[in-house]
Amino acid sequence: MDAQPIVRTRFAPSPTGYLHIGGARTALFNYLLARRLGGKFVLRIEDTDQTRNIEEADRKLMEDLRWLGLQWDEGPEVGGPGGPYHQSERLEQYHARARELLERGLAYYALETREELEAMRKAAQQRGEKGFRYPRPTHFPSEAEARRARDAGRPVVVRLKMPDRDVTVHDRILGDVTIRAEELSDFVLLKADGWPTYHFAVVVDDAAMRITHVLRGQEHLMNTPNHIALQEALGYPTPEYAHLPIIFNMSGTKMSKREKDKVVRDAAKAGGLDDARLLQLAGLDDPALPAAWRKGDTQLPGDALLRLARALAVHLPEIEIHDFRRSGYLPEVLVNFIALLGWSPGEDREKFTLAELCERFSLERVGRTNARFDREKLLAFNTAALEAATPERKLAGLKDWLSVADPGPLTGLPDAVLARVIECCRGFRLFPDLEYKCGALFVPDEQIRYDEKAVRKVLLRDDGQGRRVLEVLRARLAAAPHWTPAALDELIRGVAEAQGLDLGKVAQPLRVAVTGATVSPQISDTLDLLGRERTLARIDRALAHLQTLQ
RNA sequence: GCCCCCAUCGUCUAGAGGCCUAGGACAUCGGCUUUUCAAGCCGGCGACAGGGGUUCGAAUCCCCUUGGGGGCGCCA
């Protein structure tokens with residue numbers, strides 16, 4: 001009975017690589033609204049800027065979206081009636097619409113060069129005018145004039161003739177926002193290279209794909225009057241708009257990929273890295289790059305940054321979803337967390353699955369205040385989620401992390417062993433913690449490095465008490481009838497009791513002897529994971545190492 | 001500079017005129033637990049930006065100030 005058109009939302013990123021955290025939030029809200037209202041979620045790639053298309057960018061983007069569980073109903077790889085879903089494949093559409101507007105006198109050619117425009121802006125500023133508005137000519141250049149200009153090598157663009165009246169955006173989050181006519185300017189629809197601007201493409205495509213709700217960042221609010229004017233000119237319906245608050249860093253700055261460059265740049269500077277070494281470590285070969293990069297003029301490719309960060313032992317701030325994946329977060333945690341950045345359920349509860357969010361999401365509960373991205377809280381969410389996760393979920397998560405992380409001691413271990421590792425590390429917060437805590441158990445014995453401080457404190461102190469305990473332990477372990485966590489636990493407690501020592505005075509020497517450091521799973525699990533043979537071999541190695549210190 | 005948006009603990013937020021002595025979560029601080037690391041448990045500290053109105057009554061409505069953010073591209 002109710003003939004409401006089905007709700008259709010979209011996420012329309014420009015392909016620049018992995019999915020930015022802010023983009024992920026926008027994608028999520030669009031996804032949630034579509035799900036909540038039984039509609040469709042469309043993915044469209046806005047690749048209209050020929051100067052900044054990055055190879056593989058959309059593959060990476062889709063990888064991140066899928067990792068988060070935000071599968072689109074229509075878009076690249078899945079198709080749909082509104083395709084193609086890359087704007088680069090839709091050029092005829094834009095040209096047809098531009099032609100239409102030109103013929104109807106609603107758009108016109110403009111022939112200025114960038115330099116001329118720049119000069120006009122500067123002049124306007126000097127005249128003390130408020131903001132620069134393109135001065136609409138009284139007579140629009142004709143088709144022939146445009147062609148002549150183009151032939152003469154001048155840039156020819158198409159601009160929209162803005163209506164001379166105020167435009168009100170009915171925003172579902174911000175309410176009505178009216179922009180006065182004098183603030184509006186005849187903006188460019190078609191660039192000189194024949195490609196559409198974002199404004200033009202977005203309006204044409206949203207109409208073609210029958211998008212009913214546009215959820216996007218608040219930075220787009222001032223573009224919206226342009227879009228509405230265009231929709232009117234083209235006879236399109238205006239979708240519902242909802243401008244989302246923006247996500248910032250804790251420092252209040254925009255979360256930007258540049259931050260990663262900054263961290264590495266600072267580390268390189270502190271480390272006194274010269275250009276040659278820099279290029280070598282980064283795996284790059286453009287000799288002009290280092291100078292520009294050091295000045296902050298340019299950014300390094302993601303993989304080069306990763307290599308440098310590794311070499312310099314610095315942690316890159318997570319900006320893109322893939323970064324969080326590599327850092328060992330669970331996708332459902334990211335989804336839960338970013339859902340709460342700008343939206344709230346209105347109850348004292350904050351842990352939600354994607355499915356639960358789909359049931360609860362509503363535009364009415366989206367806030368208007370910009371939010372800061374608090375990594376501490378994210379970490380707490382991840383810890384709690386891990387705590388609550390089933391062993392299967394944790395195993396799958398660990399394997400996913402290993403698949404994107406740098407190879408380490410845990411890489412390639414059988415599932416059963418990984419499952420044991422997880423079991424033995426209750427309370428871990430991120431997947432790399434597992435490697436930190438158990439890595440030494442899966443490394444060849446000769447790669448064990450003895451932490452000097454630990455050795456001194458645990459094995460040498462008190463006149464070598466730890467060492468003596470170790471010798472007792474070595475004999476008892478060699479003769480232990482059973483090598484299970486329970487049996488080992490009993491054995492170790494027995495030794496402690498017999499020696500009249502606290503458990504810590506027994507467990508720690510053992511731990512340092514077999515791992516080289518003071519951190520590992522509970523001692524009985526540590527030994528069980530290691531096995532008798534390697535345990536004894538490592539104790540012997542430790543004892544021998546102590547000899548060398550005498 | 002001009003236009004626009006926003007404003008509750010350090011941070012994310014609940015709050016839609018009396019349910020507010022302002023609730024929850026993270027962080028922080030204190031304690032407990034402990035076989036290392038981590039986790040866990042209990043408790044404490046902690047906010048309505050300021051000033052004017054409106055009202056019997058304001059965190060909630062209005063105005064101003066201040067502060068933060070966004071936009072002013074042939075980027076998206």
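The figures that follow rest on heavy atoms only: side chains count, while hydrogens, waters and symmetry mates do not. First the proteins, then the strands, lettered A, B, ... as listed; each starts at 1.
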Using distance alone, with no hydrogens and no angle criterion, decide if A:His170 and A:Thr238 have a side-chain donor and acceptor under 3.5 Å apart. no
When we call it a touch if two heavy atoms are under 4.0 Å apart, what does A:Pro245 touch: a base, just sugar-phosphate, or nothing? nothing
A:Arg372 vs B:C26: side-chain N/O to OP1/OP2 distance below 4.0 Å: no
Can you pull every protein N or O that's under 3.5 Å from an N or O on nucleotides 2-10 of chain B?
residue: B:C3; atom: O4'; partner: A:Glu183; partner atom: OE1; Å: 3.4

Phosphate contact (B:G73 OP1 or OP2) by A:Arg121 side-chain N/O below 4.0 Å: yes
Could you note down all residue pairs passing salt bridge (Lys or Arg N to Asp or Glu O under 4.0 Å) where residues 514-528 of chain A supplies at least one of them, sequence neighbours left out? A:Arg420-A:Asp525, A:Arg420-A:Asp528
Heavy atoms under 4.0 Å is the rule here; annotate nucleotides 38-49 of chain B 5' to 3' with B where the base is hit, S where only the sugar-phosphate is, and - elsewhere. BS----------
I want to check something: taking the side chain as every heavy atom from C-beta on, are A:Pro76 and A:Asp58 in contact at a cut-off of under 4.5 Å? no
When rounded to whole Å, the CD to P distance for the pair A:Gln508 and B:U34 reads 16 Å
Sorted by number, residues from residues 151-163 of chain A placing a heavy atom under 4.0 Å from RNA chain B are A:Pro155, A:Val157, A:Arg159
Ranking A:Gln522 and A:Tyr198 by the position along RNA chain B of their nearest nucleotide, the one closer to 5' is A:Gln522
Quick one: does NZ or CZ of A:Arg25 land under 6.0 Å from the six-membered ring centre of A:Phe29, within 45 degrees of the ring axis? yes
Listed once per pair and sorted, the salt bridge (Lys or Arg N to Asp or Glu O under 4.0 Å) pairs that draw on residues 344-354 of chain A, sequence neighbours left out: A:Glu347-A:Arg360, A:Arg349-A:Glu356, A:Glu350-A:Lys377
Does A:Lys377 make a side-chain donor-acceptor contact with the base of B:A25, cut-off 3.5 Å? yes
Consider the side chain of A:Glu46, meaning its heavy atoms from C-beta on, and name the nucleotide among B:G23, B:C74, B:A76 that approaches it most closely. B:A76
Look through every strand shown and name the nucleotide pairing with B:C2 as Watson-Crick or G-U wobble, where both distances are under 3.5 Å. B:G71
Taking the same atom, C1', in B:C41 and in B:A47, what whole-Å distance lies between them? 27 Å
Qualifying residues under salt bridge (Lys or Arg N to Asp or Glu O under 4.0 Å), relative to A:Glu219, sequence neighbours excluded: none
